[in-house]
Amino acid sequence: MCGIVAYVGRKQAQPVLVEGLKRLEYRGYDSAGVALIDARGMLNIRRAVGRIAVLEESLTQKKLPAAHIGISHTRWATHGGVTEENAHPHLDSLGRIAVVHNGIIENYFALKSLLEEKGLKFKSQTDTEALAMLIGHVYTELQKSGDTSGNSSGNSSGNSSGNSLLLRSVQAALHEVEGTYGIAVICSDEPDTLVVARKGSPLIIGVGDEEYIVASDAAAIVEHTSRVIYLSDNEMAIIRPDSFTTTTTDDIEISPVIEQLEIKLEAYELGDYEHYMLKEIFEQPDAIRNCLRGRVEQREGRIVLGGLTKVHKELVAAKRFILTGQGTAWHAGMVGDYVMEDLAKVPTECTYASEFRYRNPIVEENTVCVAISQSGETIDTLWALREAREKGATGIGVVNVVGSTIARETDAGLYLHAGPEIGVASTKAFTCQCVTLILLSLYLARRKFMGQSQLQETIDALLTIPEQIERTLLQSSAIKDLTANFVERENWLFLGRGYHYPVALEGALKLKEISYIHAEGMPAAEMKHGPIALINKGMPVVFIATRGSQYEKVVSNIEEVRARGGEVIAIATEGDRNIHRLSNHVISIPHTIEPLQPLLSVIPLQLIAYHAAVLRGCNVDKPRNLAKSVTVE
Ligand code: M6R
């Protein structure tokens, strides 16, 4: 949610920043801006409403002076509408300090009022401007007090802050701030200095060859360097062309740990696909293969989860699992909930992270909390994890983005290894989250009640899933034709039972978020308790009606919908003639054992949503009002 890119080094800063912003555009895309300090020490700023392309065009039409240091931002509006004034960077009252910010300054109103009383004039409605003004105000106060430690000659404290008034001003300002932030700050009085800080919003420093690229996401760094430093909460850095120092907001110097980025640039490229979402739907077979790699020993019939070794005792002793996440991750958690109780026979609850945190939850002894998140940055999920751990639970992450906040705050975890997911609509992360939770269930099941032959049967079925998804994907163009018949309908229902109930929710979420069609997902049986009133002639009702324990019941529900004129699109098991007779349209998927069926039944639903959005002319990868990761509550 919002993206930051900052640069100091030998190259021209502007192209690096703009290219970086393009890579981060999926994090927020309502407006964007850059601030650069040129060779004369002048601060130049440009902002534009709309996509990065609009900013880029503006920079081409009217060039900014060359610079080797700069900050930039792509915005997802929280405070204040989508206007140029509200776009970042924001300036202090003297126009010498520029700030870009991700997160929310919760006490911005109080800070703003205080600064306004001192005569400062604000130009935007944003919380970020309050921070920029505050940093500028502190800077001026320090200057007035005769503290010249901002000059290169001064060094009052002998540590990192001693030689930068900007750093000291940022530190002092951050002490006044409540909320979350990832920030990058430059100042024309210190034209070779970049200050960055984080609390609750990710920031990564890329350490290149005589250059540093700071970004809120590795996507903007990977083409420049694979050497990175992940800042933790309350950490900051002062970066100059030839050096950098990491410190805390309390000015305690810390030794940076340089890590290696494993992901390659190609993983972020669109390749031959029209949209990232389609690319990611088609990547699922390989994503799942990567997710399974090294974790399933087929011949020995064993599940090996190296990432959980540290908490093995806690897992086996666990009396209860809490699975938590938001959106698609929550749906994967629901699949996990079914599978944990069904296979591992351990009491499990799947809960919205946002609800868990605030309901004063009871966390008994021997509880394990599993935080599920593609980005690893979803603030609700992060806080739910913190709440559970604070109350004594063991925290485990099921996360895609390596080094993300959730991954770093858990006791142990399993990465999805799905590769970067750029499309705002989550697809491959969902299937890999389900696979990971299935692996966790099997890992526990075998240590408890599951016999070797059942484990072997499940492993064999699991290893067949990628090839079965490949077969299902072959129907993409037939699914497009089918979807075209319904694309003007504004209300859809998605129904499923058991393992397919979360899939029904996921199908509805996918359709609404990218095609803006109203869709509801629910347990098929629930329909009779009210929603059946909605069904009228021609209303598309998608049933997940594969062969399994609740098949007969779903068949009855299909009859009920048909009797009321609903148009039934059934996701059915290959070769099921009965469903063909009952439904208006059928999409067949290969047979697999019940706990694994969501991995196949979700594929046609992803494709329906994708094709519907394209046919309706929607921006599939950047749907309106959304952003890839939601780092505000
Ligand atoms: O990064 P996370 O998995 O934590 O994100 C959770 C949700 O915000 C995310 O799944 C969202 O619902 C997607 N847009 C769904 O496609």
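All ligand and atom numbering here is 1-based and tracks the order in the structure. Values below: all heavy atoms of this structure, side chains included; hydrogens, waters and symmetry mates excluded.
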Answer with yes or no whether the side chains of Thr126 and Arg75 bring together a donor and an acceptor at under 3.5 Å. no

Do ligand 1 and Ser375 have nitrogen or oxygen atoms that lie under 3.5 Å from each other? yes

Atom 6 (C) of ligand 1: which protein heavy atom is closest, and how many Å away? Gln326 O, 3.2 Å

Decide whether Ser515 and His611 meet the rule of one side-chain donor and one side-chain acceptor closer than 3.5 Å. no

Would you indicate whether the side-chain heavy atoms of Thr328 and Glu506 approach each other to under 4.5 Å? yes

Where does the angle between the aromatic ring planes of Tyr108 and His79 fall among parallel (under 30°), tilted (30 to 60°) and perpendicular (over 60°)? perpendicular

Heavy-atom pairs closer than 4.0 Å: do any link ligand 1 to the side chain of Lys510, the backbone, both, or neither? side chain

Sole residue of Lys279, Lys428, Lys628 in salt bridge (Lys or Arg N to Asp or Glu O under 4.0 Å) with Glu421: Lys628

Going by the order shown, which atoms of ligand 1 are within less than 4.0 Å of some heavy atom of Ala329? 3 (O), 10 (O)

Which residue supplies the protein heavy atom nearest to atom 8 (O) of ligand 1, what is that atom called, and how far is it? Val630 CG2, 4.1 Å

Which of the numbered atoms in ligand 1 are below 4.0 angstrom from a heavy atom of Ala425? 16 (O)

Aromatic ring proximity, centroids under 6.0 angstrom, Phe486 and His585: yes

Find all atoms of ligand 1 within a distance of less than 4.0 Å from any non-hydrogen atom belonging to Gln374, and give their numbers and elements. 1 (O), 2 (P), 3 (O), 4 (O)

Run Glu377 and Ser404 through side-chain hydrogen bond (donor to acceptor under 3.5 Å, both in side chains) and show every step you take. CA-CA 6 Å; Glu377 302 295 348; Ser404 55; 4.7 Å; no

closest protein heavy atom to atom 5 (O) of ligand 1 is Thr378 OG1, 3.4 Å

For Val424, the ligand 1 atoms whose distance to one of its heavy atoms is below 4.0 Å: 13 (C), 14 (N), 16 (O)

Please report which non-hydrogen protein atom sits nearest to atom 16 (O) of ligand 1, along with the residue it belongs to and the distance in Å to one decimal place. Glu513 OE2, 2.3 Å

Check ligand 1 against Thr328 and write out every atom of the ligand that is under 4.0 Å from a heavy-atom position of the residue. 10 (O), 12 (O), 15 (C), 16 (O)

Would you please test Val401 and Gln374 for side chain to side chain contact (heavy atoms under 4.5 Å, CB included) and show each step? CA-CA 6 Å; Val401 177; Gln374 188 287 130; 3.8 Å; yes

